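When a ligand or atom number is given, it counts from 1 through the structure's own listing order. Just the heavy atoms: all of them, side chains too, but no hydrogens, waters or symmetry mates, feed the values below. Sequential numbering from 1 along the given sequence is applied to the chain's residues. Please read all numbers here as calculations on a predicted model, not as lab measurements.
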Amino acid sequence: MTPILSEEVLDTQESGGPLVALESTIISHGFPWPDNLDLALALEAAVRAHGATPATIAVIDGVPRVGLGRDDLERLARADRVEKCSARDLPFVCATGRTGATTVAATCLLADRAGIPVFATGGIGGVHRGATLTMDVSADLAEIARARVAVVSAGAKSILDLALTLEALETLGVPIVGFGCDELPAFYTPHSGLPIPHRVDDLDTLARIVAAHRSLGLHGGLLIFNPIPPAHALPADRVDAWIAQALEAAQARQIEGKALTPFLLAELARLSNGATLPANRALALHNADLAARLALRIAALDVPALDGHS
Ligand code: PSU
Ligand code: MN
């Protein structure tokens with residue numbers, strides 16, 4: 001299951017240049033066609049704008065690929081027979097020659113294998129509300145704890161239990177840094193009211209934290225929270241109401257397991273008359289921008305390369 005790196009990703013890696021991993025579930029299952037293709041291309045452009053190389057990750061016809069061409073991005077965006085592929089799904093999707101859009105969990109795993117130290121996403125999965133009964137906890141958390149990747153996200157939206165998500169991350173020992181914030185951002189809004197342990201306001205310190213994490217030989221990844229820019233944030237009370245309605249609809253229709261997160265995202269878009277989509281797009285681009293700038297600083301710091309990946 002060795003991932004195949006695109007020529008551009010290989011070249012960048014060989015020259016020690018900056019690379020940013022991007023996930024593909026946001027393309028296939030997070031946004032509707034054709035906005036999703038537009039976003040996938042815009043995310044790559046945001047990374048390139050800083051001189052870094054984007055590496056969008058997915059499984060194409062059974063091959064885990066790091067760095068995709070436009071045709072692959074379009075296929076993922078059309079989402080015709082594209083599976084939502086978390087870490088546990090990788091062996092099946094690869095062995096049967098299927099095409100899978102990788103979640104944060106699967107993207108972290110493949111980015112680690114490819115030796116890419118920085119990964120930008122929109123929001124991470126976490127502990128779902130009601131998890132004390134359902135045990136629905138996203139595999140994103142376990143994989144972030146295992147993969148040697150710095151994950152840049154706008155937090156997690158309150159379709160999840162954000163307080164329990166922070167507790168789970170603490171138990172897993174994942175280092176958390178707020179970039180310009182001292183509380184967990186709640187995806188569509190910058191505020192959750194839940195304090196996080198460390199705040200950093202400049203890129204140099206952020207890069208040095210990633211370097212320290214690496215040179216201490218710490219296993220696993222770290223999480224960088226980058227709140228949505230205020231100009232794009234949605235009103236918190238409206239978001240709470242849409243989430244409550246979306247959760248009710250999921251319960252009434254008995255939607256659970258891997259279908260739950262995509263269902264809730266689509267419901268929020270529907271209930272908000274599409275207002276969640278530009279906010280989601282803005283925060284994802286904002287994260288790609290920060291990840292690219294961070295990748296540049298890390299490359300300049302001469303951080304020891306990841307070893308042990310195949
Ligand atoms: N949260 C979002 N947008 C997303 C996802 C989560 O705000 O697109 C996607 C990510 O790919 C994430 C996955 O890794 O959903 C988590 O799914 P689950 O809860 O089934 O682990
Ligand atoms: Mn789940």
Side-chain angles (χ1 to χ4, degrees), residues 21-32 35-36 39-40 43 56-59 76-77 79 82-90 100-111 119-147 149 151-162 164-165 168-169 184-189 192 221 223 225-228 234 239 242-243 246-247 250 255-269 272 276-288:
L22 299 167
E23 59 139 321
S24 45
T25 292
I26 190 172
I27 305 172
S28 297
H29 308 287
F31 274 78
D35 298 359
N36 53 359
L39 175 59
L43 287 167
T56 305
I57 295 181
V59 180
L76 292 166
V82 176
E83 316 232 350
K84 176 181 166 190
C85 183
S86 189
R88 57 130 189 217
D89 305 304
L90 280 169
T102 50
T103 64
V104 169
T107 307
C108 276
L109 193 155
L110 292 171
F119 163 30
T121 183
I124 59 165
V127 180
H128 281 265
R129 295 197 196 178
T132 47
L133 288 175
T134 63
M135 290 186 70
D136 189 349
V137 178
S138 174
D140 288 359
L141 301 185
E143 209 51 55
I144 290 166
R146 262 194 295 258
V149 180
V151 182
V152 180
S153 80
K157 61 173 74 71
S158 39
I159 57 172
L160 301 173
D161 188 319
L162 297 181
L164 290 189
T165 299
L169 286 166
L184 174 68
F187 199 80
Y188 299 125
T189 69
S192 68
L223 265 174
F225 288 129
N226 187 37
I228 185 171
L234 298 175
V239 172
W242 294 325
I243 286 174
L247 287 165
I255 296 186
E256 50 198 17
K258 70 190 282 184
L260 181 60
T261 299
F263 173 83
L264 291 173
L265 296 180
E267 272 297 282
L268 293 180
S272 68
T276 55
L277 297 174
N280 197 343
R281 179 185 162 95
L283 65 85
L285 288 169
H286 189 231
N287 294 339

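Of all atoms in ligand 1, numbered sequentially from 1 with element shown, those under 4.0 Å from a heavy atom of His128 are 19 (O). Counting atoms of ligand 1 from 1 in the listed order, those under 4.0 Å from a heavy atom of Thr261 are 6 (C), 15 (O), 17 (O), 18 (P), 19 (O), 20 (O).
Distance check: Ile144 CD1 to Thr107 OG1 gives 10.5 Å after rounding to the nearest 0.5 Å.
Between the side chain of Thr102 and the backbone N or O of Glu23 there is no donor-acceptor pair closer than 3.5 Å. Put simply, the side chain of Ser192 never gets that close to the backbone of Ala186: no donor and acceptor are under 3.5 Å apart. Remark: side-chain polar atoms of Asp161 are not paired, donor with acceptor, to backbone N or O of Val127 under 3.5 angstrom. The main-chain N or O of Gly123 is never found under 3.5 Å from a side-chain atom of Lys157 such that the two would form a donor-acceptor pair.
Ranking the protein heavy atoms by distance from atom 9 (C) of ligand 1 puts Thr25 CG2, 4.0 Å first. Of the protein's non-hydrogen atoms, the one nearest atom 1 (N) of ligand 1 is Gly123 O, 3.6 Å. Counting protein heavy atoms only, atom 21 (O) of ligand 1 is closest to Ser138 OG, 2.6 Å. Shortest contact from atom 4 (C) of ligand 1 to any protein heavy atom: Leu265 CD1, 3.5 Å. Looking only at heavy atoms of the protein, atom 7 (O) of ligand 1 is closest to Lys157 NZ, 2.2 Å.
Residue-level proximity to ligand 1 for Asp140 is carried by the side chain, the only part with a heavy atom below 4.0 angstrom.
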Practice prompt. Show your reasoning for whether side-chain contact (heavy atoms from CB on, under 4.5 Å) applies to Ile27 and Thr56.
Written response: CA-CA 10 Å; Ile27 305 172; Thr56 305; 4.2 Å; yes

Discussion item. With side-chain contact (heavy atoms from CB on, under 4.5 Å) as the criterion, how do Asp35 and Arg281 come out once you've worked through the C-alpha distance, each side chain's angles and the decisive distance to 0.1 Å?
Written reply: CA-CA 9 Å; Asp35 298 359; Arg281 179 185 162 95; over 6 Å; no

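Across all their heavy atoms, Ala58 and Ser24 have their closest contact at CB-OG, 3.5 Å.
By heavy-atom distance, the residue among Glu256, Glu23, Lys84, Lys258 lying nearest atom 18 (P) of ligand 1 is Lys84.
Ligand 1 does not have His29 within reach: every non-hydrogen atom of the residue lies 4.0 Å or more from it.
Nearest to the Mn ion (ligand 2), among the N, O or S atoms that Asp136 has, is OD1.
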